[in-house]
Colleague: 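Please read through the structure below; I'll follow up with questions.
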Number of protein chains: 2
Amino acid sequence: MSDSDLHLRNQLCFALYRATRLIQQIYRPLLDELGLTYPQYLVMLVLWERGTVTLKELGAELDLDSGTLSPLVKRLKAAGLVTTGRRAEDERSVEIALTGKGRSLRERARDIPAKIGCATQMQLEDIVALRTALGELADSLAESHTAMAAAR
Amino acid sequence: MSDSDLHLRNQLCFALYRATRLIQQIYRPLLDELGLTYPQYLVMLVLWERGTVTLKELGAELDLDSGTLSPLVKRLKAAGLVTTGRRAEDERSVEIALTGKGRSLRERARDIPAKIGCATQMQLEDIVALRTALGELADSLAESHTAMAAAR
DNA sequence: CGCCATTCAATTGCGCGCAATTAAATTGTG
DNA sequence: CACAATTTAATTGCGCGCAATTGAATGGCG
């Protein structure tokens with residue numbers, strides 16, 4: 001344990017924070033053309049995979065809660081990309097479904113990953129390795145977090 | 001280029017986004033004890049290294065602009081951790097300096113990196129490798145971004 | 001020197017993230 | 001069945017991030 005641990009550039013967390021914001025700046029002009037923000041794009045990715053999801057499932061997939069997702073989905077709805085409605089079997093749940101417009105937006109998003117990959121200047125295998133390492137880190141952090149929450 | 005590129009879990013960007021938010025959730029209870037948010041903590045790290053910085057230098061270090069930093073510094077000032085003032089040689093610049101209270105807060109922050117390291121469940125060498133990879137990614141993204149901005 | 005361009009910070013507006021609260025529907029239990 | 005506990009969303013409030021605008025100080029150039 002040394003003082004160097006408190007140096008900004010020695011912190012994994014700052015490296016994550018910086019890389020995350022920089023990569024979102026690469027996405028921004030591409031997503032602007034689709035009229036989406038980055039979190040909205042993530043929601044659309046889930047919908048393009050599944051067609052229909054509940055808000056709760058969306059939250060589990062993205063690690064986000066209703067405080068973030070409710071207003072976000074409301075904006076997607078206002079943009080005509082999704083419809084929402086309570087589930088008949090359980091009226092607590094909200095189901096979110098793609099509209100035709102929402103589904104067709106996927107075509108215009110198709111070339112985004114390639115453009116991003118280009119900006120990273122990385123080999124595909126390095127990207128995959130980094131993604132895998134980050135996924136494992138996130139999983140153990142999620143575990144630590146729920147363990148700490150349970151201890152309270 | 002296949003459709004799988006549009007799958008959420010195949011995106012490096014989502015792995016970054018998720019890991020960043022999860023690690024900040026580990027920081028939160030620790031920083032709550034110091035009365036800091038995570039971005040405020042980053043600013044304090046820079047100040048603990050340098051003692052005094054201008055807003056511009058702070059922005060260069062953290063990749064943040066005055067729209068984010070001005071109100072953030074105002075809150076640190078309200079908390080009695082820093083003082084601010086215009087530089088005599090150039091009245092456009094704002095200099096931010098630690099107060100005694102701000103400097104002494106460092107003692108209470110000293111054990112945070114170790115606690116975070118613990119939560120990651122990673123070996124130190126793996127953490128360093130990941131941090132290095134993220135730094136390189138961020139650097140090439142920053143380069144792509146300025147290149148694209150210049151093209152406009 | 002006079003004037004225009006540049007630099008630097010502050011402000012405004014908007015969309016997240018997230019904690020905390022509220023409200024409604026459902027489930028579990030006596 | 002009645003009633004308490006749980007689940008699910010929506011809302012409120014606050015602090016970022018970031019684009020865009022504004023205003024003041026400085027630098028450059030004729």
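Reminder, nothing fancy here: chain letters follow the sequence lines and each chain counts from 1.
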Colleague: In terms of side-chain heavy atoms of A:Ser93, which of D:dT8, C:dA9, C:dT26 is nearest?
Modeller: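 Looking only at heavy atoms from C-beta outward on A:Ser93, the closest nucleotide is D:dT8.
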
Colleague: C:dG17 C1' sits how many Å from B:Tyr17 OH, rounded?
Modeller: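 From B:Tyr17 OH to C:dG17 C1': 7 Å.
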
Colleague: Ignoring hydrogens, what is the shortest heavy-atom contact between A:Arg87 and A:Thr54? Give both atom names and the distance.
Modeller: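 In terms of heavy atoms, the two residues are closest at NH1-CG2, 3.8 Å.
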
Colleague: So, is A:Arg86 close to the C:dA24 phosphate, meaning a side-chain N or O under 4.0 Å from OP1 or OP2?
Modeller: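 Indeed not, no polar side-chain atom of A:Arg86 lies that close.
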
Colleague: Specify the separation, in whole Å, of atom CG of A:Asp65 and atom P of D:dA9.
Modeller: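 Answer to the nearest Å: 11 Å.
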
Colleague: I want to verify a distance call: between C:dT11, D:dC18, D:dC16, whose nearest atom is closest to the B:Pro39 side chain?
Modeller: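 Within the option list, the nearest is D:dC16.
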
Colleague: When you measure from the side chain of B:Arg92, which nucleotide among D:dA25, D:dG17, C:dA10 comes out closest?
Modeller: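 Out of D:dA25, D:dG17, C:dA10, the nucleotide with an atom closest to B:Arg92's side chain is D:dA25.
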
Colleague: Can you check the B:Arg28 CZ to D:dG15 P distance for me, whole Å?
Modeller: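 Spelled out: CZ on B:Arg28 to P on D:dG15 is 13 Å.
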
Colleague: Go through the N and O atoms of the side chain of B:Ser66 and the base of C:dA10, and report whether any donor-acceptor pair is under 3.5 Å.
Modeller: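 A donor-acceptor contact between them is present.
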
Colleague: B:Leu62 CG to D:dG15 P: how many Å, rounded?
Modeller: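 Rounding to the nearest Å, CG of B:Leu62 and P of D:dG15 are 19 Å apart.
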
Colleague: Output the rounded distance in Å from OH (B:Tyr38) to P (C:dC18).
Modeller: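 Rounding to the nearest Å, OH of B:Tyr38 and P of C:dC18 are 14 Å apart.
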
Colleague: Using the six-membered ring wherever Trp is involved, compare the ring planes of B:Tyr41 and B:Tyr27 and label them parallel, tilted or perpendicular (cut-offs 30° and 60°).
Modeller: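 Rings of B:Tyr41 and B:Tyr27: tilted, as their planes differ by 30° to 60°.
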
Colleague: Heavy atoms from C-beta onward define the side chain here; which of D:dA9, C:dT26, C:dA9 lies closest to that of A:Asp90?
Modeller: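 Nearest to the side chain of A:Asp90 among the choices is C:dT26.
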
Colleague: For the pair made of CD in A:Gln25 and C1' in D:dC18, what is the distance, rounded to whole Å?
Modeller: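 After rounding, the reported distance stands at 8 Å.
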
Colleague: Please give, in whole Å, the distance from D:dA10 C1' to A:Lys74 NZ?
Modeller: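 Going from A:Lys74 (NZ) to D:dA10 (C1'), I get 8 Å.
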
Colleague: Identify whether any heavy atom of B:Gln40 sits under 4.0 Å from a base atom; if not, whether one sits that close to sugar-phosphate; answer base, sugar-phosphate or nothing.
Modeller: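 B:Gln40: backbone/sugar contact only, no base atoms under 4.0 Å.
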
Colleague: Consider the side chain of B:Glu91, meaning its heavy atoms from C-beta on, and name the nucleotide among C:dC16, D:dT26, C:dC18 that approaches it most closely.
Modeller: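 It is D:dT26.
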
